[in-house]
There are 2 protein chains.
Amino acid sequence: MLNLSRHPTTVYQAIADQLETEVRSQWRSGDFLPSEKQLAERFGVNRHTLRRAVDELVNKGLVQRRQGKGILVLTRPWDYPLHAQARFSQNLMEQGSHPTSERLLAVIRPANTEVAAALGIEEGSDAIHLRTLRRVDGVPVSVINHWLPNLEHWPTLRAFSQGSLHAFLQQHLSLTVSRAQTRISARRAQAKESKLLEIALHAPLLCVRTLNLRDDNQQVAEYSVSLTRADMIELTLEH
Amino acid sequence: MLNLSRHPTTVYQAIADQLETEVRSQWRSGDFLPSEKQLAERFGVNRHTLRRAVDELVNKGLVQRRQGKGILVLTRPWDYPLHAQARFSQNLMEQGSHPTSERLLAVIRPANTEVAAALGIEEGSDAIHLRTLRRVDGVPVSVINHWLPNLEHWPTLRAFSQGSLHAFLQQHLSLTVSRAQTRISARRAQAKESKLLEIALHAPLLCVRTLNLRDDNQQVAEYSVSLTRADMIELTLEH
DNA sequence: CGAAATTTGTTCGTATGTATA
DNA sequence: TTATACATACGAACAAATTTC
């Protein structure tokens, strides 16, 4: 009855495998699975064992428990090709210059420790803060926070609404910038990020911090931190 | 007895909070906690309840279970100050040339699809496969798989046991190599990787795929895939 | 080397609490 | 209010991995 072909280690694991297959094929985002009681009866196991199996799906981000309601399916179609076939590649040097971005936020706010250190300004002093969301084929892939120390650019920048920020700086402020340093790390998606990027809580994100200098005087022009869905994008670098 | 000050919701949560405090203050990486039986008796709860509390710490990546042994503490003091202060930086260009690596594996085996494509050989034909583990201050940070297409190097390479692979190639085979392409992605740690790197299951890993060419004739000399603890290492790139 | 003891992992059962419809 | 469904907690037993003797 159960698929025990690959790793027939435990009962709950076999049930988890079976449930994952069903969730990925015959259930859709927003659906609720049958109740734990029903599923336990169907598989002929104790409800604890069934719960342990569902735990696996919860940890994989495929379903969510809702007390009093049921087990919510989160499956997204691009969850299937876990292998890198369906990934997009992005050149690491193209940070901040994607024509497909939309602006989510544009404010002036005090710089925190990290931003102040990067921009070379005093902690708590004002800086321009933009947030953009980049999509590929309509799917959100990166949320990028940009900070700029030069407040004189604010009247112009607040008009930025979509497209490439670097192209905008060039066009409206005659400002050309180049990358001085790039730092790459990875971490799990937190609540806000998982909502923006439409992914599971704790899904892995690539984090790229870039410092951009003005070409003319080598002053810091922009500091950006991009968070990119690691299941969608791979960074490349040619030497 | 238990710290119920903040979220006194459940027994297991209160125990988890208490254990987390203790793990962060009085235990060190590599220690084993008292047995579940002892802890359950100490807190006056059933072993299931104690296990549910430890589950919380496992999910946070603070401890790891080892069947038959105990509960391993992984405390990383840099877990809370989410700022990257305590991180080590690694230049992205230094892939494969770390003097602190130890060899875990050295075999000849058929290349799978990915490796064959990278090395430019036929799928299923033999290649040299090395696996190394890199540590920083004794803490495992990267596991690296290296594949080399030239089987003539095997008699020499099988003697490689520790240190920098690239230095070894240079010294014993007069082979100098350079990076041609680098691809960077991120994913969650799977079971084997989390054990090797002593991190939580599903902890984020940076994955760097590098293609190295011989300097003399530009032939593919080595393809490597490194998996690095994202909580420990940050990749940097100066331009 | 092997048997026993220890420790974590899995599975059953039962009961009660809490959130939702 | 009642019924349903998930959440927590206790108890018992055995399996599997590791260490110890």
Side-chain angles (χ1 to χ4, degrees), chain A residues 1-4 6-19 23 27 30-59 61-74 201, chain B residues 1-4 6-19 23 27 30-74 190-192 194-196 198 200-202:
Chain A
M1 180 179 69
L2 289 177
N3 174 15
L4 296 161
R6 286 162 52 89
H7 307 291
T9 43
T10 63
V11 175
Y12 81 79
Q13 190 57 251
I15 295 174
D17 289 348
Q18 175 65 26
L19 281 178
V23 159
W27 296 96
D31 289 347
F32 281 87
L33 295 185
S35 74
E36 294 179 347
K37 186 162 176 284
Q38 287 175 284
L39 287 172
E41 281 169 5
R42 171 187 151 195
F43 289 111
V45 296
N46 188 275
R47 199 179 131 229
H48 286 307
T49 306
L50 187 277
R51 275 179 68 80
R52 184 67 184 82
V54 173
D55 281 345
E56 296 296 299
L57 304 204
V58 171
N59 288 333
L62 295 173
V63 301
Q64 234 176 50
R65 292 187 206 273
R66 296 289 173 91
Q67 185 171 357
K69 289 192 71 174
I71 298 162
L72 176 64
V73 175
L74 301 173
L201 188 65
Chain B
M1 179 180 70
L2 289 176
N3 174 14
L4 297 161
R6 286 163 51 91
H7 305 291
T9 43
T10 63
V11 176
Y12 81 78
Q13 191 55 252
I15 294 173
D17 289 348
Q18 174 65 25
L19 281 178
V23 159
W27 297 95
D31 289 346
F32 281 87
L33 295 185
S35 75
E36 293 179 349
K37 188 162 173 285
Q38 286 175 284
L39 287 172
E41 281 169 7
R42 172 187 151 195
F43 289 112
V45 296
N46 188 275
R47 198 178 132 226
H48 284 307
T49 307
L50 187 278
R51 276 177 68 81
R52 184 67 184 80
V54 173
D55 280 346
E56 295 296 299
L57 304 205
V58 171
N59 288 333
K60 286 189 179 184
L62 294 172
V63 301
Q64 205 174 75
R65 291 186 149 97
R66 296 287 172 95
Q67 185 170 355
K69 288 192 72 174
I71 298 163
L72 175 64
V73 175
L74 304 172
Q190 295 172 359
K192 283 184 184 175
S194 67
K195 291 229 165 128
L196 272 174
E198 296 176 10
L201 187 65
H202 297 158

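Just the heavy atoms: all of them, side chains too, but no hydrogens, waters or symmetry mates, feed the values below. Predicted model, so just to flag it, every value in this text is computed and none were measured.
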Colleague: Measure CZ/B:Arg52 against P/C:dG9 and give the value in whole Å, please.
Modeller: 14 Å

Colleague: Let me know the distance between CD of B:Glu41 and C1' of D:dG11, rounded to the nearest Å.
Modeller: 14 Å

Colleague: Answer yes or no: is there an ion pair linking B:Glu36 with B:Arg65, defined by an N-O contact shorter than 4.0 Å?
Modeller: yes

Colleague: Please name the residue in the list A:Val54, A:Leu39, A:Leu50 that meets the side chain to side chain contact (heavy atoms under 4.5 Å, CB included) test with A:Ile15.
Modeller: A:Leu50

Colleague: Report the nucleotide, chosen from C:dT11, D:dA15, D:dC10, that has the shortest atom-to-atom distance to any side-chain atom of B:Gln67.
Modeller: D:dA15

Colleague: Please report the distance, rounded to the nearest Å, between CD in A:Glu36 and P in D:dC6.
Modeller: 4 Å

Colleague: Roughly how many Å is it from CD in A:Glu56 to P in C:dT10, rounded to a whole number?
Modeller: 9 Å

Colleague: So B:Arg51, base contact, sugar-phosphate only, or nothing? Heavy-atom distance under 4.0 Å.
Modeller: base

Colleague: Can you tell me the distance, in whole Å, between the CD atom of B:Gln38 and the C1' atom of C:dT6?
Modeller: 10 Å

Colleague: Measure CZ/B:Phe32 against P/D:dT20 and give the value in whole Å, please.
Modeller: 11 Å

Colleague: From CG of B:Leu50 over to C1' of C:dG9, roughly how many Å is that when rounded to an integer?
Modeller: 14 Å

Colleague: Within this structure, what is the NE2-to-P distance between A:His48 and C:dG13, rounded to whole angstrom?
Modeller: 10 Å

